[in-house]
Amino acid sequence: MANPIRIQDIAQHEGETVTLRGWLYAKTGKGKLQFLQLRDGSGIAQCVVFKGEVSEELFQNAKDLTQESSLIVTGSVRANTKAPGVPGGYEVGVEELQVLHIAESFPIAPKEHGVEFLMDHRHLWLRSRQQWAALRIRATIIRAIRNWLDDQGFINMDTPIITPTAGENTTHLFEVSYFDDAAYLAQTGQLYNEATMAAFGKVYCFGPTFRAEKSKTRRHLAEFWMVEPEIAFCSLEELMDIEEQMLVYVVEQVLAKHRPELEVLERDVSKLEAITSPFPRLSYDEAVEKVAEIREQTEDDELKAQLDLTWGDDFGSPHETELTKLFDKPVFVYHYPTAAKAFYMEPVEGRPEVCRSVDLLAPEGYGEIIGGSERIYDLELLERRIEEFGVNKDDYQWYLDLRRFGSVPHAGFGLGIERTVTWLTGQDHIRAMIPFPRTLNRMNP
Ligand code: 4AD
């Protein structure tokens, strides 16, 4: 066995004899040739078995390989830019072949399958090219976010997943038993982040988040990953700047590292290249007017009904979708009605019916990917809001303490990873943007 390499590095080994280890993605053959498409997780390489160059036994073994059989191949790397469909422009002339396991008939053939079938076989579906491409981009998005925040001086503070109280709302809680007590899976790390913020200045938590929402939309998961920065002495305007800079960096990283994956996903990259600063910023009032105009102009009666909106309502998916179609960049919508948003949001001075909140809506109809706000830092107001929230104030004493001991204006936001991946990869549904999705109807496999 020669030097084992990963397929992603194959170009650096032209002319050398190397070993590749992986799974058979696909196979074609005619006469004296077998073309094995070998995948190793880092890429796909064409391995050519030529009857004249190998033993009878090796040639037969290659012919007998089934889809997803595991194997180790040794051979020489050569350029092949002429033949169509040679991934990466290099191939391996096979000299040795070790078959580790002949796979049973693989349920996911290169043909159309229904989504439910694919989801039932998610543990195997992950191996297909589109899934591979999207989840690699997901990993880069996560890394880019962490790198950007770390470079900007944010400190990573992980917040608890098992929590005694509601963080965002009281209706979408997953209850778990915690020894003799009831507890809830975290809906947000924000409240704890506000405590770490007062200790470290600029912090972020990054973890799984749980919402028992009975939503079956293409934007909702019951378990998703959220990054939540929290910043002391930060205004809503500064918060928008931070969100914008972070997102522009993330998009740059995806474009720099994942052109081939974006091509697999048939993503129109010109749409991503357009994501540059500045992003448009609209107040809720302005956004409501725009939605009303769109509603006025459409001849689609169904859409007209969906876009019906009274001042004070939060936007639903149809409103967000139509709004974002007006811009080729993400759009900030700020100053939402206080009643439509979470209890901790700072009211606008002189206009308490709206609050210092901001959502970032992704273009092309993708809608909200970030929610954020300035936080109430006055003790009495926060106490009042907690009472209105309908929970036991005693449970929030530690949170109220943050307003008793050196309260400062501060702000933060939460970015949903899977929604961001859906948008950047140009997919139409959130469910495959996480390795094993948890949705209203599914927690298997
Ligand atoms: O707007 P949300 O609910 O904000 C919060 O939880 C704040 N505590 C964040 C903060 O200020 N620290 O959620 C933030 C983001 C949304 O914009 C969306 O991207 C994502 O989390 N999100 C979901 N993603 C998938 N499935 C769901 N059910 C989601 N709910 C929210």
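Keep in mind it's a predicted model, so treat the numbers as computed, not measured.
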For this session: Taking the side chain as every heavy atom from C-beta outward, state whether Ile161 and Thr209 have any pair of such atoms under 4.5 Å apart.
Result: no
Seminar exercise, completed: Tightest non-hydrogen contact, residues Glu296 and Lys304, listed as O-NZ, 3.4 Å
Problem set entry | Heavy-atom closest contact (Ala362 atom, Ile369 atom, distance) | CB-CG2, 4.0 Å
For this session: Identify whether the distance between the nearest side-chain nitrogen and carboxylate oxygen of Asp9 and Arg6 falls below 4.0 Å.
Result: no
Exercise. Is it true that Arg351 and Asp285 have a side-chain N and a carboxylate O under 4.0 angstrom from each other?
Worked result: yes
Problem set entry | Where Asn193 and Tyr204 come nearest, the two heavy atoms and their spacing | OD1-C, 4.1 Å
Exercise. Got Val358 and Val333 here, is their nearest side-chain heavy-atom distance under 4.5 Å?
Worked result: no
Exercise. Is the closest side-chain heavy-atom distance between Met345 and Ile376 below 4.5 Å?
Worked result: no
Problem set entry | Where Pro347 and Pro352 come nearest, the two heavy atoms and their spacing | CB-CA, 3.9 Å
Exercise. Salt bridge or not for Glu364 and Lys325, using N-O below 4.0 Å?
Worked result: no
Exercise. Does a side-chain N-to-carboxylate-O contact under 4.0 Å join Arg356 and Glu346?
Worked result: no
Exercise. Is the backbone N or O of Arg384 less than 3.5 Å from a side-chain atom of Glu387, with the two atoms forming a donor-acceptor pair by type?
Worked result: no
Exercise. Is the shortest side-chain N to carboxylate O distance from Arg431 to Glu418 below 4.0 Å?
Worked result: no
For this session: Apply side chain to side chain contact (heavy atoms under 4.5 Å, CB included) to the pair His410 and Ile231, showing each step before the final yes or no.
Result: CA-CA 6 Å; His410 62 287; Ile231 310 113; over 6 Å; no
Exercise. Would you say the ring centroid of Trp311 lies under 6.0 angstrom from that of Tyr284?
Worked result: yes
Exercise. With a 4.5 Å heavy-atom cut-off, do Leu272 and Leu262 have their side chains touching?
Worked result: yes
Exercise. Are any of the side-chain heavy atoms of Phe117 and Asp120 separated by less than 4.5 Å?
Worked result: no
Problem set entry | Salt bridge flag under 4.0 Å for residues Lys27 and Asp64 | no
For this session: Apply the test ring pair (Phe, Tyr, Trp, His ring centres under 6.0 Å) to residues Tyr192 and Trp398: give CA-CA distance (whole Å), side-chain angles for both, the deciding distance (0.1 Å), then the verdict.
Result: CA-CA 9 Å; Tyr192 293 98; Trp398 69 267; 4.7 Å; yes
Problem set entry | Check: Ser373 side chain, Ser357 main-chain N or O, donor-acceptor pair, under 3.5 Å | no
For this session: May I ask you to decide whether Arg219 forms a salt bridge with Glu320, counting only side-chain N to carboxylate O separations under 4.0 Å?
Result: yes
Exercise. Judged by atom type as modelled, is there a donor-acceptor pair below 3.5 Å linking the side chain of Trp132 to the main-chain atoms of Gly41?
Worked result: yes
For this session: Kindly confirm or rule out a cation-pi arrangement of Arg403 over Phe405, judged by NZ or CZ under 6.0 Å from the six-membered ring centre and within 45° of its axis?
Result: no
Problem set entry | Asp428/Arg218 salt bridge by N-O under 4.0 Å criterion | no
Exercise. Gln37 versus Cys47: any side-chain heavy-atom pair under 4.5 Å?
Worked result: no
Problem set entry | Cationic tip of Lys329 above Phe279 ring, under 6.0 Å, 45° of axis | no
